[in-house]
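Values below: every heavy atom of this structure, side chains too, minus hydrogens, waters and symmetry copies. Note that the structure is predicted; figures quoted are calculated from it, not measured. Residues: numbered from 1 along the sequence shown.
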Amino acid sequence: MDRTHKIKLYPTKQQEQILAGWVGAARFVYNWGLERWTTEYKDYKEGKREKAPNWVPLSREWTQDRPEWAKYIPRSIVAYALKNLNNAFLRVIKKTGGYPKFKKRGHCRESFWLKNEAAHFIDGKRIKLPYKMRMRTAEELRLQGKIQKYSIVHEAGNWFVYASVSMDEPERVLTGSTCGVDVGMKTPAVCSDGTKLVLPEVKLRKLEKARRRQQKAVSRRKKASKRWQKALLRVQKIQVSINNIRCDAIHKFTTSVCKNHDTVVIEDLNLQGLHQVPIKNIRSGMVRSCMSEIRRQLEYKAYYIVIADKWYPSTQLCSNCGSRQKLTLKQRTYHCPHCGLELDRDLNAAINLSHYPGSPG
Ligand SMILES: [Zn+2]
């Protein structure tokens with residue numbers, strides 16, 4: 001089991017420049033690889049190539065092709081940038097992800113990866129990075145175990161290190177209980193035991209409004225100017241607090257669900273088809289990012305996870321008598337004409353998921 005600890009870094013001005021250079025290099029390699037990959041993949045599909053593209057030959061190609069400055073960046077930055085691209089393409093092939101996009105400058109969150117030998121934590125609150133760069137950190141690593149890799153992240157003007165540590169599974173008392181979690185539109189998630197994921201909507205809406213206002217300031221200003229950068233940083237800071245609030249609520253929900261139940265049944269969501277759902281007031285981008293985050297957290301926190309087939313009619317079945325009827329998207333309550341059940345649509349779906357035939361409970 002891998003756990004990640006996020007720790008704030010305090011680079012000096014000079015160190016910050018180096019880190020920014022490496023972030024840029026990672027982006028450059030990624031985009032370079034994406035361009036290659038796209039042509040190679042096209043050739044492969046048309047039968048002009050025998051093998052599908054892969055990151056290993058691509059990284060060899062990079063060594064021959066790279067610009068002069070790239071000789072001085074840590075090697076694992078390149079390897080991980082291409083490996084991440086590889087994973088993105090594996091998701092494309094498995095149809096679990098969209099086609100990767102070129103990375104742009106000035107994104108709210110940019111990062112690069114380092115292998116475990118490339119860095120280590122030293123005495124107290126410090127970390128040693130490649131080229132003997134010693135940097136202060138906000139706290140010591142709390143997790144015990146072997147460090148797998150590091151990711152250095154630049155997020156709204158601040159720097160962080162994410163250390164992934166492989167750890168032994170903690171002992172857990174099994175409850176023998178199974179639950180279903182319905183990830184929905186109106187309520188972001190409902191567990192079959194009635195637990196709901198509640199997001200502080202009012203607060204979030206306020207922040208989103210502020211973000212839109214600041215975004216306008218960004219677009220008014222001259223691109224890449226000092227004032228533009230300042231405005232962009234403000235947008236990014238707001239975005240980070242939105243993400244933190246949302247993530248925190250999701251963590252509380254998933255922790256409580258996984259503590260009370262061993263097996264969690266979730267739907268196999270076709271996340272790409274979701275943006276076609278014609279519901280106003282809810283921006284599909286936000287719903288989507290919430291859904292994938294809920295799923296990501298449940299997948300690592302649950303003792304056992306069952307992913308129900310996407311054809312399983314969890315919203316259509318009556319959780320009491322098992323009869324089936326179609327519901328329109330507007331119907332928020334399930335009325336059963338056979339047994340008279342009246343239940344919140346999402347809760348009904350969650351209960352159906354907890355009875356999913358494939359689950360052991
Ligand atoms: Zn019924």
Query raised in the report: Between atom CH2 of Trp62 and atom CD of Gln64, what is the distance when rounded to the nearest 0.5 Å?
Result: 12.5 Å
Query raised in the report: Can you check whether Val78 reaches Ile73 side chain to side chain, under 4.5 Å on heavy atoms?
Result: yes
Report task. For Glu293 and Cys247, run side-chain contact (heavy atoms from CB on, under 4.5 Å): C-alpha distance rounded to whole Å, both residues' side-chain angles, the deciding distance at 0.1 Å, then the answer. Result -> CA-CA 8 Å; Glu293 181 61 20; Cys247 239; 3.6 Å; yes
Query raised in the report: Can you check whether Glu35's main-chain N or O pairs, donor with acceptor, with Thr39's side chain at less than 3.5 Å?
Result: yes
Report summary line: Rounding to 0.5 Å, atoms OG (Ser166) and NZ (Lys146) come to a distance of 7.5 Å
Show me the side-chain donor-acceptor pairs of residues 17-33 shorter than 3.5 Å, one per line, residues at least two apart or across chains.
unit_1	atom_1	unit_2	atom_2	d
Arg27	NE	Glu110	OE2	2.9
Arg27	NH2	Glu110	OE1	3.4
Arg27	NH2	Glu110	OE2	3.2
Asn31	OD1	Lys103	N	2.8
Asn31	ND2	Lys103	O	3.0
Trp32	NE1	Asp65	OD2	3.4

Query raised in the report: Once you round to the nearest 0.5 Å, how far does CG of Leu9 lie from CD1 of Ile127?
Result: 6.0 Å
Report task. For Lys94, enumerate each residue passing the side-chain contact (heavy atoms from CB on, under 4.5 Å) test, keeping only those at least two apart in sequence or located in another chain. Result -> Thr96
Query raised in the report: Any chance CZ of Phe121 has more than 12 other-residue heavy atoms, nucleotides or ligands included, within less than 6.0 Å?
Result: yes
**Report entry** 4.5 Å side-chain heavy-atom contact, Thr263 and Ile305
**Finding:** no
Query raised in the report: Would you say Cys179 and Asp193 make side-chain contact, with heavy atoms under 4.5 Å?
Result: no
Report task. Without swapping roles, check the side chain of Thr12 against the backbone of Gln15 for a donor-acceptor pair under 3.5 Å. Result -> yes
Report summary line: Across all chains, not counting sequence neighbours, the side chain to side chain donor-acceptor pair (under 3.5 Å) partners of Asp248 are Lys252
Query raised in the report: Leu114 versus Pro130: any side-chain heavy-atom pair under 4.5 Å?
Result: yes
Query raised in the report: Are Tyr303 and Cys258 close enough that some pair of their side-chain heavy atoms sits under 4.5 Å apart?
Result: no
Query - Test item: Arg36 and Pro53 side chains (from C-beta on) under 4.5 Å apart, heavy atoms - result: no
Requested in this report: Show your working on side-chain contact (heavy atoms from CB on, under 4.5 Å) between Tyr10 and Met135 and close with a plain yes or no.
Outcome: CA-CA 6 Å; Tyr10 297 109; Met135 203 174 286; 5.7 Å; no
Query raised in the report: Quick one: does Asn260's side chain have a donor or acceptor within less than 3.5 Å of a partner on Ser256's backbone?
Result: yes
**Report entry** Arg105 atom CZ, over 12 foreign heavy atoms within 6.0 Å
**Finding:** no
Report task. Would you give the length of the straight line joining atom CG of Leu58 to atom CG of Leu85, rounded to the nearest 0.5 angstrom? Result -> 7.5 Å
Query raised in the report: If you measure only the distance, is there a donor-acceptor pair under 3.5 Å linking the side chains of Thr137 and Lys8?
Result: no
Query raised in the report: Does His5 have any side-chain contact (heavy atoms from CB on, under 4.5 Å) partners at least two apart in sequence or in another chain, and if so, which?
Result: Ile7, Glu139, Leu141, Arg142, Leu143
Query raised in the report: Mind checking what makes ring pair (Phe, Tyr, Trp, His ring centres under 6.0 Å) contact with Tyr312, not counting sequence neighbours?
Result: Tyr356
Query - Side-chain donor or acceptor of Thr195 paired with backbone N/O of Cys191 under 3.5 Å - result: no
Query raised in the report: In terms of side-chain geometry, is the basic nitrogen of Arg295 or Glu299 positioned less than 4.0 Å from the acidic oxygen of its partner?
Result: yes
Requested in this report: Sequence neighbours left out, what passes side-chain contact (heavy atoms from CB on, under 4.5 Å) with Ser177? Give chain and number order.
Outcome: Thr175, His261
Query raised in the report: For atom CD of Gln144, is the number of surrounding heavy atoms from other residues, nucleotides or ligands below 6.0 Å larger than 12?
Result: no
Query raised in the report: Quick one: does Ile266's side chain get under 4.5 Å of Leu298's, heavy atoms only?
Result: yes
Query - Trp113 ring center within less than 6.0 Å of Tyr150 ring center - result: no
Query raised in the report: Is the backbone of Thr178 close enough, under 3.5 Å, to the side chain of Asp262 for a donor and an acceptor to pair up by distance?
Result: no
Query raised in the report: Under 3.5 Å, side chain of Asn352 to main-chain N/O of Ser314, donor-acceptor pair present?
Result: yes
Report task. Would you give the length of the straight line joining atom OG1 of Thr315 to atom CZ of Arg324, rounded to the nearest 0.5 angstrom? Result -> 9.0 Å
Requested in this report: Taking all non-hydrogen atoms of both residues into account, name the closest pair between Ala302 and Val264 and its distance.
Outcome: CB-CG2, 3.9 Å
Query raised in the report: Taking atom CG of Asp168 as the centre, does the number of heavy atoms from other residues, nucleotides or ligands within less than 6.0 Å exceed 12?
Result: no
Query - Nearest-0.5 Å distance that lies between atom CH2 in Trp37 and atom CZ in Phe89 - result: 6.5 Å
Query raised in the report: Apart from Leu327 itself, which Ile, Leu, Val, Met, Phe, Trp or Tyr residues share its cluster (side-chain heavy atoms under 4.5 Å, direct or through members)?
Result: Val190, Tyr334, Leu341, Leu343, Leu347, Ile351
Requested in this report: Would you check if the side chain of Gln316 reaches a backbone N or O of Pro313 as a donor-acceptor pair within less than 3.5 Å?
Outcome: no
Requested in this report: Run the salt-bridge test on Arg49 and Glu40 with the 4.0 Å N-O cut-off and return the result as yes or no.
Outcome: yes
Query raised in the report: Quick one: do Arg345 and Asp182 make a salt bridge, cutoff under 4.0 Å?
Result: no
Requested in this report: Please name the pair of heavy atoms, one in Val181 and one in Ala189, separated by the smallest distance, quoted to 0.1 Å.
Outcome: CG1-CB, 4.3 Å
Using a 3.5 Å cut-off and no angle test, enumerate the donor-acceptor pairs between side-chain atoms of residues 228-239 and protein atoms at least two apart in sequence or in another chain.
unit_1	atom_1	unit_2	atom_2	d
Arg234	NE	Gln214	OE1	3.3
Gln236	NE2	Gly106	O	3.3
Gln236	NE2	His107	O	3.2
Gln239	OE1	Arg211	NH1	2.3
Gln239	NE2	Asn243	OD1	2.9

Query raised in the report: So does Arg227 have more than 12 non-hydrogen atoms from other groups sitting under 6.0 Å from CZ?
Result: no
Report task. For side-chain contact (heavy atoms from CB on, under 4.5 Å), just list the numbers for Leu207 and Ile245, CA-CA rounded to whole Å, side-chain angles, deciding distance to a tenth of an Å, and then say yes or no. Result -> CA-CA 10 Å; Leu207 283 166; Ile245 290 171; 3.5 Å; yes
Show the atom names and distances, to 0.1 Å, of all donor-acceptor pairs under 3.5 Å that link a side chain in residues 152-165 to residues at least two apart or in another chain.
unit_1	atom_1	unit_2	atom_2	d
Glu155	OE1	Lys6	NZ	3.4
Glu155	OE2	Arg109	NE	3.4
Trp159	NE1	Glu16	OE2	3.3
Tyr162	OH	Lys6	NZ	3.4
Tyr162	OH	Arg109	NH2	3.4

Query raised in the report: Members other than Val173 in its cluster, when Ile, Leu, Val, Met, Phe, Trp, Tyr link by side-chain heavy atoms under 4.5 Å?
Result: none
Query - Thr255 vs Val257 side-chain heavy atoms within contact, under 4.5 Å - result: no
Requested in this report: Just do the side-chain contact (heavy atoms from CB on, under 4.5 Å) check on Arg212 and Lys216 with the steps written out, would you?
Outcome: CA-CA 6 Å; Arg212 276 200 296 281; Lys216 277 182 197 152; 5.7 Å; no
Query raised in the report: Which residue pairs pass the side-chain hydrogen bond (donor to acceptor under 3.5 Å, both in side chains) test with at least one member in residues 114-136, sequence neighbours excluded?
Result: Asp123-Arg126
**Report entry** side-chain contact (heavy atoms from CB on, under 4.5 Å) involving Ile93 - partner list, sequence neighbours excluded
**Finding:** Tyr41
